[in-house]
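Computed from a predicted model, the values in this text were never measured in an experiment. For the single chain, residues carry numbers from 1 onward in sequence order.
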Amino acid sequence: MCGIVGIVSYDAVNQSIYDALTVLQHRGQDAAGIITCEGSKLWLRKDNGLVRDVFHTRHMLTLRGNMGIGHVRYPTAGCESSAEAQPFYVNSPYGITLAHNGNLTNAEELKQNLFREDLRHLNTDSDSEVLLNVLAHELQRCGKLRLNEDDVFTAVSAVHRRCHGAYAAVAMITGFGVVAFRDPYGIRPLVYGCRETDKGVEFMVASESVALDQLGFELAGDVRPGEAVFLGKNGNMAKRQCAENPGYAPCIFEHVYLARPDSIIDDVSVYKARLRMGESLAEKILRERPQHDIDVVIPIPDTSRTAALQLANSLGVKYREGFIKNRYIGRTFIMPGQQERKKSVRQKLNAIDLEFRGKNVMLVDDSIVRGTTSQQIIQMARDAGAKSVYFASAAPPVRYPNVYGIDMPTREELIAHNRSVEQIADVIGADWLIFQDLEDLIDAVQKGNSEIRSFDCSVFTGEYITGEVTGDYLSHLEKIRSDSAKKKRRLSEDEVIGMHNNA
């Protein structure tokens with residue numbers, strides 16, 4: 001999960017990209033980066049940390065130019081050093097930079113091909129650098145000093161043939177323009193819009209429409225699966241379908257958890273989709289427990305609020321805010337290790353005792369992944385005096401890892417893997433646990449856009465939409481994504497830093 005943005009303007013874009021990345025901060029808190037283009041020169045600033053910490057006044061002053069791209073990141077694989085912060089840059093040909101949201105499932109094969117056949121060197125373990133070099137190589141094949149739009153679209157078509165998996169990407173070609181493109185299934189979101197000014201029309205692309213809203217850009221639409229949108233430095237825009245057999249199978253977890261509720265992605269309002277999730281979940285509760293004794297519905301901030309509110313309304317039960325959130329603690333889903341996650345829950349949330357004491361409480365969350373957070377929150381509710389604690393998930397059980405750009409745990413680290421609902425309830429300590437049915441979840445999102453015939457629901461079903469994900473590939477991911485593997489990498493990086501400091 002990452003956030004990307006690109007802007008072509010008549011004025012300086014540094015502040016606009018900064019503001020857009022701030023709006024997209026929920027998509028990644030590990031690192032941030034901006035690169036701008038002024039004539040034939042590029043200006044780059046990127047580092048680990050939040051947007052507000054990476055960019056200071058002295059950095060913003062150096063980010064000159066009317067065209068640029070930006071990125072907020074958290075790692076799905078590889079190390080967590082600032083070397084893997086994006087955007088990435090390659091000088092040949094033309095000087096190309098790229099920011100990417102997603103994950104290439106054939107990255108290892110591509111690395112070998114890039115080295116042996118394309119004679120390209122990679123400096124990191126990031127699949128985003130792989131994607132950049134594939135694009136750069138295909139542009140180089142044009143063999144021209146000056147590109148045109150057809151050359152760019154031809155290169156993107158070749159990227160689609162070579163790269164498998166999920167990718168929503170924005171690339172900037174020095175002195176020429178910005179191109180945004182999306183994988184043939186449209187797994188990760190990407191939207192574009194325009195803004196009328198006295199000097200002409202300005203263009204913007206971003207992971208979510210909320211970034212466009214904040215900067216006064218009008219949403220023009222989604223970059224379609226397999227499509228590329230080119231934004232020229234002179235204010236021209238062109239788009240073309242570049243994939244041979246595009247489908248439409250966006251990641252449904254965007255609507256469950258990742259996206260902001262005020263965003264519209266794939267022409268679906270995230271807010272309305274979550275309202276429908278709450279309504280269908282309430283219907284399931286009434287089917288299974290028509291004589292329920294729920295006194296109050298309490299959301300677990302923040303992403304579950306919309307679904308919880310509609311659930312309470314449908315049940316005719318009071319809705320209350322029972323937890324107060326510390327806004328200065330990051331999302332526990334993005335915490336680098338299990339111990340950090342355990343520690344952060346109590347730091348992040350505090351229960352209001354009077355909303356729990358002596359009541360049968362229905363807690364609502366968007367999903368249950370590891371179960372660590374759910375377990376601690378249920379205990380917090382009991383410590384606050386709840387008589388009974390029920391738990392509802394707006395999503396089905398997450399039983400399988402994500403391979404398309406979300407840092408889901410390994411199978412063994414997922415609480416629902418190889419466990420029944422009753423067993424999960426026992427582990428997290430709930431008196432009763434209910435999950436959304438997958439059919440209801442799909443219906444809740446699909447009602448917003450009937451053109452979407454299928455979704456990537458792999459975290460619930462284990463069926464991967466691109467089809468080439470094997471058991472060996474999942475085993476490889478587990479080796480690099482597990483908490484123990486990440487801990488080893490952090491220790492190695494600390495040793496390198498220590499050696500550097502002692503030198």
Side-chain angles (χ1 to χ4, degrees), residues 2 4-8 12-14 17 31-48 54-55 59 62-71 73 78-79 81-101 104 107 110-159 162-163 167 169-181 205 228 230-234:
C2 297
I4 61 176
V5 60
I7 299 178
V8 176
V13 295
N14 53 352
I17 295 176
I34 295 174
I35 190 162
T36 58
C37 179
E38 181 187 41
S40 62
K41 288 189 176 181
L42 297 175
W43 305 91
L44 171 67
R45 167 63 182 170
K46 61 179 182 176
D47 202 353
N48 283 352
V54 170
F55 302 102
H59 303 128
T62 64
L63 292 170
R64 301 193 291 269
N66 300 345
M67 180 170 66
I69 63 176
H71 188 268
R73 168 190 182 266
C79 69
S81 72
S82 59
E84 293 199 358
Q86 297 185 42
F88 282 116
Y89 164 75
V90 64
N91 73 321
S92 177
Y94 313 114
I96 305 170
T97 59
L98 179 139
H100 164 224
N101 176 29
L104 301 183
L110 288 169
K111 286 178 185 178
Q112 296 299 319
N113 291 339
L114 284 166
F115 179 72
R116 294 176 180 172
E117 299 177 19
D118 300 347
L119 305 180
R120 286 186 168 269
H121 169 74
L122 299 178
N123 201 47
T124 71
D125 294 325
S126 173
D127 64 323
S128 302
E129 190 184 11
V130 173
L131 182 63
L132 167 61
N133 275 272
V134 171
L135 175 64
H137 179 75
E138 296 303 331
L139 284 169
Q140 193 164 32
R141 287 164 65 96
C142 297
K144 297 166 64 175
L145 182 61
R146 296 188 181 278
L147 292 173
N148 58 40
E149 295 167 4
D150 289 338
D151 297 326
V152 174
F153 293 139
T154 299
V156 173
S157 295
V159 169
R162 294 182 64 178
C163 297
Y167 48 92
V170 57
M172 181 169 64
I173 305 169
T174 305
F176 184 55
V178 169
V179 58
F181 57 96
V205 293
F230 175 74
L231 311 175
K233 68 171 185 177
N234 297 321

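Taking every heavy atom of both residues into account, V90 and A136 meet most closely at CG1-CB, 3.8 Å. Here the closest non-hydrogen pair linking C163 and L110 is SG-CD1, 3.9 Å. Nearest heavy-atom pair, F55 versus A32, reported as atom, atom and distance to 0.1 Å: CE1-CB, 4.0 Å. Among all heavy-atom pairs drawn from A99 and G70, the shortest one is CB-O, 3.9 Å. Nearest heavy atom pair, residue N48 against residue A31, reads OD1-CB, 3.7 Å. Annotation for R116 and L119: closest pair O-CD2, 3.9 Å, computed over non-hydrogen atoms.
Between I69 and Q86, every side-chain heavy-atom pair lies at or beyond the 4.5 Å cut-off. By the 4.5 Å heavy-atom criterion applied to side chains, E38 and L42 are not counted as neighbours. With contacts defined as side-chain heavy-atom distances shorter than 4.5 Å, the pair N66/K233 does not qualify. I34 has its side chain out of reach of W43: every pair of non-hydrogen atoms, C-beta onward, lies at least 4.5 Å apart. You'll find the side chain of L98 stays beyond 4.5 Å of the side chain of V170, heavy atoms only. Inter-residue side-chain proximity for F88 and T97 is flagged as unmet; no heavy-atom pair is nearer than 4.5 Å. Under the 4.5 Å side-chain criterion, counting only non-hydrogen atoms from C-beta, Y89 is not in contact with I96. At least one side-chain heavy atom of M172 sits under 4.5 Å from a side-chain heavy atom of I35.
With values rounded to the nearest 0.5 angstrom, Q140 atom CD is found 11.5 Å from L135 atom CG. The CZ atom of R45 sits 8.5 Å away from atom OG1 of T62, with the distance rounded to the nearest 0.5 Å. The distance from atom CZ of R146 to atom CG of D151, rounded to the nearest 0.5 Å, is 13.0 Å. Atoms SG and CE, from C37 and M67 in turn, are 4.0 Å apart once rounded to the nearest 0.5 Å.
Counting only distance, with no hydrogens or angles, the side chain of D127 and the backbone of L104 share a donor-acceptor pair below 3.5 Å. Here the side chain of N133 pairs no donor or acceptor atom with the backbone of V130 at under 3.5 angstrom. Checking side-chain atoms of E129 against main-chain N and O of N123 turns up a donor-acceptor pair under 3.5 Å. With hydrogens and angles disregarded, a donor-acceptor distance shorter than 3.5 Å links the side chain of T36 to the backbone of R64. Between the H71 side chain and the H100 main chain, a donor and an acceptor come within less than 3.5 Å of each other. Remark: side-chain polar atoms of K46 are paired, donor with acceptor, to backbone N or O of A85 under 3.5 angstrom.
Tested against V159 for a side chain to side chain contact (heavy atoms under 4.5 Å, CB included), the candidates T154, L139, V134 yield a single pass: V134.
In this structure, R162 pairs ionically with D118, as a charged nitrogen and a carboxylate oxygen lie closer than 4.0 Å.
Evaluation of the side-chain hydrogen bond (donor to acceptor under 3.5 Å, both in side chains) rule for D47 yields no partner, not counting sequence neighbours. When the side-chain hydrogen bond (donor to acceptor under 3.5 Å, both in side chains) test is applied to K41, no partner is found at least two apart in sequence or on another chain. Scored by the ring-ring contact (aromatic ring centres under 6.0 Å, His included) test, F230 finds F176 as partners (sequence neighbours excluded).
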TODO: Begin from the C-alpha positions of Y167 and N101 and carry the test side-chain contact (heavy atoms from CB on, under 4.5 Å) through to its verdict.
DONE: CA-CA 6 Å; Y167 48 92; N101 176 29; over 6 Å; no

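When only modelled atom types and interatomic distance are considered, E84 and S126 share no side-chain donor-acceptor pair under 3.5 Å.
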